[in-house]
Amino acid sequence: EKEGYEHFMIKEIHEQPKGVSETLLRRLDKEDHIVLDGIKLTKEDLDKINKIYIVACGTAYHAGLVGRYAIEKFAKIPVEVDVASEFRYRDPFVDENTLFIAISQSGETLDTLAALREAKRKGARILSIVNVVGSSVARESDDVFYTWAGPEIAVASTKAYTTQLVAMYLVALHMAMTKGTLSQEEYKKIMAELKSMPEKVQRVLNNCDTIQHLADHQFNNESVFYMGRGVDVNVAHEGSLKLKEISYINSFAIAAGELKHGTIALIEDGTLVVALATQDKLYDKMLSNIQEVRARGAYVVGVAKEGNKEIEKTADVVLYIPDTMDELTPILSVIPLQLLAYYIAVARGCDVDKPKNLAKSVTVE
Ligand code: M6R
């Protein structure tokens, strides 16, 4: 079933152009209007909604962080994102004017399901983004958006994440067009970019040899830091989770602006820092952060858009992604991070598809 790949994880990483394309194209009509069969939110419903909670666990939570960014940016509705295991116990402000969005690959994660039930009890409308058809989360929701990732076998989630991102962008754009917060022109521009994503993801994948080579030299670190600004920090969290769960390296992610408020104390000679610098607006600020860690001896792997070559002066290695709008970079920038985690874990001899202590679907609290 691995179709010639060594592990399910790498097979699933390579299935992302297909997953992204299916999740997107199945929702567009001939004029590129979004048609969400499973979602019945009307303009009246949306006008009533004054707050959105996105709730999920692990990788799905990280997709939710990008979802917040997209919904606030495009549809101008305030969004809070929470991990499911925390949401329930903090007495959240949920009422009938709240939209609750659950994200789950399996649709069986107990924490997410319990949070959903709590929100429902308090009167919220429930929309879920789920990969497994007919799963518990899907069955208990008012509206469902199915991602088209296909079955995900590896414990480390990869293609589920990128398809969840596409789902979040489509939901955000659908809300924006229903509410009238985006012009036709802006919509067309974003949609054209979204449609170019499968091919751009493929271009990043074609470069996997560079990343494998890098991993072969950088697999022995005791700890790895990921940093970024704006939407990049959300992707940094996902990259860090991927690395720790399959390679057992102690890793974490921070907003680069927070470096000097503590974390920089940990940077020493040879510390591996993965620095995402894909946001045009924040590019110069990221270059300064890279300089700060380099000055303390860090080995910096930068992630940047093709054409932004300035970073080569400060980072030790740069992994490029094709140029796109700042808002959509997560679909591309996560790919080198998935590949890096994968090849580092392989170089360390880890059981990539079945990391210790982890289950694919967490059906206990
Ligand atoms: O099935 P779900 O999307 O609800 O699962 C949520 C998390 O358990 C899952 O994303 C987990 O964090 C993955 N192992 C991450 O790679």
Side-chain angles (χ1 to χ4, degrees), residues 7-13 15-16 19 23 54-67 81-88 100-117 119 126-141 144-168 226 234-249 251-253 330 334-335 337-342 344-345 350-365:
H7 298 101
F8 280 108
M9 183 178 172
I10 190 71
K11 171 176 175 263
E12 290 163 5
I13 287 175
E15 282 170 351
Q16 292 179 109
T23 303
I54 304 181
V55 176
C57 303
T59 286
Y61 167 72
H62 296 151
L65 295 174
V66 178
V81 196
D82 213 344
V83 285
S85 54
E86 287 297 317
F87 173 81
R88 265 191 311 153
F100 177 97
I101 304 183
I103 310 179
S104 176
Q105 187 284 128
S106 63
E108 301 298 344
T109 302
L110 195 64
D111 282 323
T112 307
L113 198 55
L116 178 159
R117 287 175 181 155
I126 315 289
L127 187 163
S128 62
I129 295 175
V130 183
N131 195 44
V132 177
V133 177
S135 55
S136 305
V137 170
R139 277 187 281 116
E140 297 193 25
S141 301
V144 185
F145 184 117
Y146 283 112
T147 46
W148 278 81
E152 195 182 58
I153 312 288
V155 166
S157 188
T158 54
K159 60 178 182 170
Y161 176 77
T162 39
T163 58
Q164 283 159 357
L165 294 184
V166 173
M168 284 297 351
Y226 290 75
N234 304 329
V235 181
H237 280 285
E238 175 56 9
S240 166
L241 173 62
K242 223 75 309 166
L243 183 73
K244 76 176 78 154
E245 74 177 321
I246 60 170
S247 76
Y248 317 136
I249 295 176
S251 81
F252 71 92
V334 74
I335 313 282
L337 306 192
Q338 295 170 342
L339 289 166
L340 188 63
Y342 173 77
I344 287 179
C350 299
D351 187 352
V352 174
D353 283 338
K354 285 200 170 53
K356 64 182 180 198
N357 307 338
L358 290 174
K360 180 64 185 162
S361 185
V362 185
T363 50
V364 290
E365 270 193 71

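Indexing begins at 1, ligand by ligand and atom by atom, following the structure's order. Keep in mind that the numbers below use all heavy atoms, side chains included, and drop hydrogens, waters and symmetry copies. Residues take their numbers from the sequence shown, with the count starting at 1.
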The atoms of ligand 1 lying under 4.0 Å from a heavy atom of Ser157, numbered in the order shown, are 15 (C), 16 (O)
### Message
Heavy-atom contact check, 4.0 Å cutoff: does Leu358 meet ligand 1?
### Response
no
Ligand 1 atoms nearer than 4.0 angstrom to some heavy atom of Ala156 are 16 (O)
Counting from 1 in the order shown, the ligand 1 atoms closer than 4.0 Å to a non-hydrogen atom of Lys242 are 15 (C), 16 (O)
Is there a polar contact, in the sense of an N or O pair closer than 3.5 Å, between Gln164 and ligand 1?
no
Atom 5 (O) of ligand 1: closest protein heavy atom, distance to 0.1 Å, is Thr109 OG1, 3.5 Å
among protein heavy atoms, the one nearest atom 13 (C) of ligand 1 is Val155 O, 3.7 Å
Of Met9, Glu238, Glu245, the one whose closest heavy atom lies nearest atom 16 (O) of ligand 1 is Glu245
Item checked: His62 side chain near Leu241 side chain, heavy-atom distance below 4.5 Å -> yes
Going through the checks in order, is the side chain to side chain donor-acceptor pair (under 3.5 Å) test met by Thr147 and Thr23? CA-CA 6 Å; Thr147 46; Thr23 303; 5.7 Å; no
query: Between the main-chain N or O of Val132 and the side-chain N or O of Ser135, is there a donor-acceptor pair closer than 3.5 Å?
result: yes
A student checking ligand 1 against Gly58 at a 4.0 Å heavy-atom cut-off should list atoms 12 (O)
**Prompt:** Heavy-atom count around Lys354 NZ within 6.0 Å, excluding the residue itself: above 12?
**Reply:** no
*asked:* Taking distance alone, with N or O pairs closer than 3.5 Å, would you say Lys360 contacts ligand 1?
replied: no
Mind checking whether Tyr61 and His237 have ring centres under 6.0 Å apart?
-> no
message: Within the 4.5 Å heavy-atom criterion, are Thr158 and Gln16 side-chain neighbours or not?
response: yes
min-distance protein heavy atom vs atom 8 (O) of ligand 1 -> Val362 CG2, 4.2 Å
Closest to atom 3 (O) of ligand 1 among protein heavy atoms sits Gln105 N, 2.6 Å
_Looking only at distances, can you tell me whether any N or O atom of Thr59, backbone or side chain, sits closer than 3.5 Å to an N or O atom of ligand 1?_
yes
Notebook entry, point to check: Can you check whether Glu140 reaches Leu113 side chain to side chain, under 4.5 Å on heavy atoms?
Noted result: yes
List the steps and the verdict of side chain to side chain contact (heavy atoms under 4.5 Å, CB included) for His7 and Tyr342.
CA-CA 10 Å; His7 298 101; Tyr342 173 77; 2.7 Å; yes
Can you find a heavy atom in the side chain of Ile10 that is under 4.5 Å from one in the side chain of Leu339?
yes
Legend entry - Sub-4.0 Å heavy-atom approach of Cys57 to ligand 1: yes
re atom 1 (O) of ligand 1, the protein heavy-atom contact at minimum distance is Ser106 OG, 2.7 Å
Point to revise | N or O contact, Leu241 vs ligand 1, cut-off under 3.5 Å | key: no
Q) Would you call Lys159-Glu152 a salt bridge at under 4.0 Å N-O? A) no
